[in-house]
Amino acid sequence: MSKIQMKTPIVEMDGDEMTRILWQMIKDELLTPYIDLKTEYYDLGLKHRDETNDRVTVESAEATKKYGVAVKCATITPNAARVKEYELKEMWKSPNGTIRAILDGTVFRAPIVVKGIEPNVRSWKKPITIARHAYGDVYKSVEMKVDGPGLAELVFTAADGSVSRETIHEFQGPGVLQGMHNLNSSIESYARSCFNYAMDTKQDLWFATKDTISKKYDHTFKDIMQEIFDTEYKEKFEKSGITFFYTLIDDAVARVMKSEGGYIWACKNYDGDVMSDMVSSAFGSLAMMTSVLVSPDGCYEYEAAHGTVQRHYYKHLAGEETSTNSVATIFAWSGALRKRGELDALPELVEFADRLEKATIRTIEDGKMTKDLAMITTLENVTVLNSADFIKAIREYL
Ligand code: NAP
Ligand code: MG
């Protein structure tokens with residue numbers, strides 16, 4: 001059997017701990033036997049990030065801008081304990097944050113739906129994808145505690161020196177204050193990423209804010225989304241048979257709970273933070289969530305939504321058997337391969353990505369799965385496999 005050939009490389013970002021182990025197994029068992037895999041390799045493992053003063057992370061993001069498609073393994077975001085553990089020169093920033101800032105992208109998270117892992121919400125039949133705006137609002141806010149009576153004002157000094165002010169509140173006693181902002185440019189990028197991703201995946205797009213209460217702040221989000229839709233995407237959406245739908249956030253929440261799924265739910269930063277945890281846990285398992293960062297100019301970085309599974313890694317190092325779920329990491333690869341195949345007009349590569357996903361789903365639906373899924377499945381008589389055997393079982397189907 002001749003291997004599938006590629007044209008353009010995929011940017012490969014290797015990572016840390018247990019997911020780094022899975023990464024190699026996936027390549028050895030499920031990819032390189034079938035594809036003449038072309039990647040440009042960047043080692044984002046913490047040790048190498050430290051050696052390069054984190055330059056490697058920046059370079060991998062720049063390569064993604066150049067080639068358009070990347071696949072990323074989970075990486076450690078260092079904290080004080082990690083600085084000690086790895087004897088780091090500095091507490092390096094989150095690689096995902098660095099990459100997101102360079103690509104100016106939006107993160108889309110979607111669950112992988114399989115029979116036997118049933119959502120807690122009975123009506124959900126298809127995945128719900130959350131698109132979280134990842135800039136500003138409460139995440140870049142300034143806060144103050146007020147000790148007693150006084151006047152709080154919102155003051156804006158324009159570049160020409162002119163001043164506008166609004167009274168926030170005349171405090172009669174102690175209280176709290178918060179000031180936050182967002183940028184039209186960031187909301188515009190977000191809007192385009194959402195519309196492009198909806199077109200790409202042929203799913204309806206929902207967007208919700210609280211514009212009835214927040215008549216300037218949230219209303220600006222609503223207006224920018226609508227204007228970009230009307231001028232740039234309306235016709236394309238009509239041709240694809242998909243819709244863009246705006247509603248109030250509380251109405252959206254109520255509709256989501258009664259829906260079948262199968263759409264993208266675009267959320268402001270805080271709503272996306274909260275709702276993505278609700279949606280992912282209600283769909284069953286963090287190990288079954290995929291994540292893709294999409295830039296407004298059409299670059300894609302695929303990854304699993306979970307972390308490096310540290311606890312399993314230490315078991316692995318101690319020579320104990322692990323049963324770590326590799327599904328989201330496999331789907332990160334299949335997502336990147338499919339996108340590469342689409343961009344380079346390589347139907348064989350697209351078809352391989354489809355087959356790899358089908359083989360993975362069949363393996364689970366036939367009752368062969370890792371421990372995390374075995375604990376929540378509705379299937380009976382399941383076989384619990386270790387990390388390596390699960391990947392080997394998928395290869396049998398492939
Ligand atoms: P985590 O790696 O997501 O794991 C948390 C727990 O969830 C695990 O201990 C495990 O539970 C379960 N789990 C997650 N993924 C699993 C999988 N594939 N198979 C089976 N079980 C799975 O989160 P963490 O332990 O809080 O973080 C570890 C490191 O990951 C941190 O250094 C953090 O900075 C990093 N992180 C990276 C990313 C990223 O690169 N995108 C995202 C999040 C976190 P049990 O232990 O109960 O089996
Ligand atoms: Mg959160």
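Start at 1 and go down the list; that is how both ligands and their atoms are numbered.
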Tell me the protein heavy atom at minimum distance from [atom], and give that distance in Å.
| atom | answer |
| --- | --- |
| atom 7 (O) of ligand 1 | Leu286 CD2, 4.8 Å |
| atom 17 (C) of ligand 1 | Ala287 CB, 3.5 Å |
| atom 40 (O) of ligand 1 | Thr75 N, 3.0 Å |
| atom 25 (O) of ligand 1 | Gln310 N, 4.3 Å |
| atom 34 (O) of ligand 1 | Thr77 N, 2.9 Å |
| atom 11 (O) of ligand 1 | His312 NE2, 4.3 Å |
| atom 44 (C) of ligand 1 | Gly307 CA, 3.4 Å |
| atom 14 (C) of ligand 1 | His306 CB, 4.0 Å |

Is it the side chain, the backbone, both or neither of Asn96 that has a heavy atom closer than 4.0 Å to ligand 1? side chain

Where's the contact between Arg311 and ligand 1, heavy-atom distance under 4.0 Å: side chain, backbone, both or neither? side chain

Does [atom] have any protein heavy atom closer than 4.0 Å?
| atom | result |
| --- | --- |
| atom 20 (C) of ligand 1 | yes |
| atom 5 (C) of ligand 1 | no |
| atom 1 (P) of ligand 1 | yes |

Is any side-chain heavy atom of Leu346 closer than 4.5 Å to a side-chain heavy atom of Arg340? no

Report yes if the side chains of Lys27 and Trp333 come closer than 4.5 Å at any heavy-atom pair, otherwise no. yes

Under 4.5 Å between side-chain heavy atoms, hopping through other hydrophobics if needed: is there a path connecting Val114 to Val279? no

Determine, using ring centers only, whether Tyr135 and His181 are less than 6.0 Å apart. yes

Is it true that Arg82 lies under 4.0 Å from ligand 1, counting heavy atoms only? yes

Looking only at heavy atoms of Lys72, does any of them come nearer than 4.0 Å to an atom of ligand 1? yes

Under a 3.5 Å threshold, yes or no: a donor from one side chain and an acceptor from the other, between Thr322 and Tyr313?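 Per modelled atom types, Thr322 and Tyr313 side chains form no pair under 3.5 Å.
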
Distance-only polar pair, side chains of Tyr217 and Lys268, donor-acceptor under 3.5 Å: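 Tyr217 vs Lys268: no donor-acceptor pair found between side chains.
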
Closest contact, heavy atoms only, Cys267 versus Ile130: SG-CG2, 4.3 Å

Ile391 to Ser326 - nearest heavy-atom pair and separation: CG1-OG, 3.4 Å

Can you spot which of Leu248, Asp218, Ile249 makes a side-chain contact (heavy atoms from CB on, under 4.5 Å) with Thr212? Leu248

For atom 18 (N) of ligand 1, which candidate among Asn325, Leu373, Thr308, Ile99 provides the closest heavy atom?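 Selected option, by shortest heavy-atom distance: Asn325.
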
Evaluate Glu303 for polar contact with ligand 1, using N/O atom pairs at a separation under 3.5 Å.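 Between Glu303 and ligand 1, an N or O pair is found under 3.5 Å apart.
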
When only distance counts, is Val309 in polar contact with ligand 1, meaning an N/O pair under 3.5 Å? yes

Give the ring-plane orientation class for Phe195 versus Phe237, where under 30° counts as parallel, over 60° as perpendicular and anything between as tilted.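 Because their plane-to-plane angle is over 60°, the rings of Phe195 and Phe237 count as perpendicular.
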
Which atoms of ligand 1 are found less than 4.0 Å from any heavy atom of Ala74?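 Once the distances to Ala74 are compared, the set is 40 (O).
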
With heavy-atom distances below 4.0 Å as the criterion, list the atoms of ligand 1 near Thr324.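 Near Thr324, the atoms of ligand 1 are 17 (C), 18 (N), 19 (N).
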
Using the rule given for side chain to side chain contact (heavy atoms under 4.5 Å, CB included), can you reason through Lys358 versus Tyr397, listing the C-alpha separation, both sets of side-chain angles and the distance that settles it, and then say yes or no? CA-CA 9 Å; Lys358 264 189 210 147; Tyr397 284 85; over 6 Å; no

Trace of the salt bridge (charged side-chain N to carboxylate O under 4.0 Å, His left out) decision for Asp297 with Arg192: CA-CA 8 Å; Asp297 54 349; Arg192 292 196 176 92; over 6 Å; no

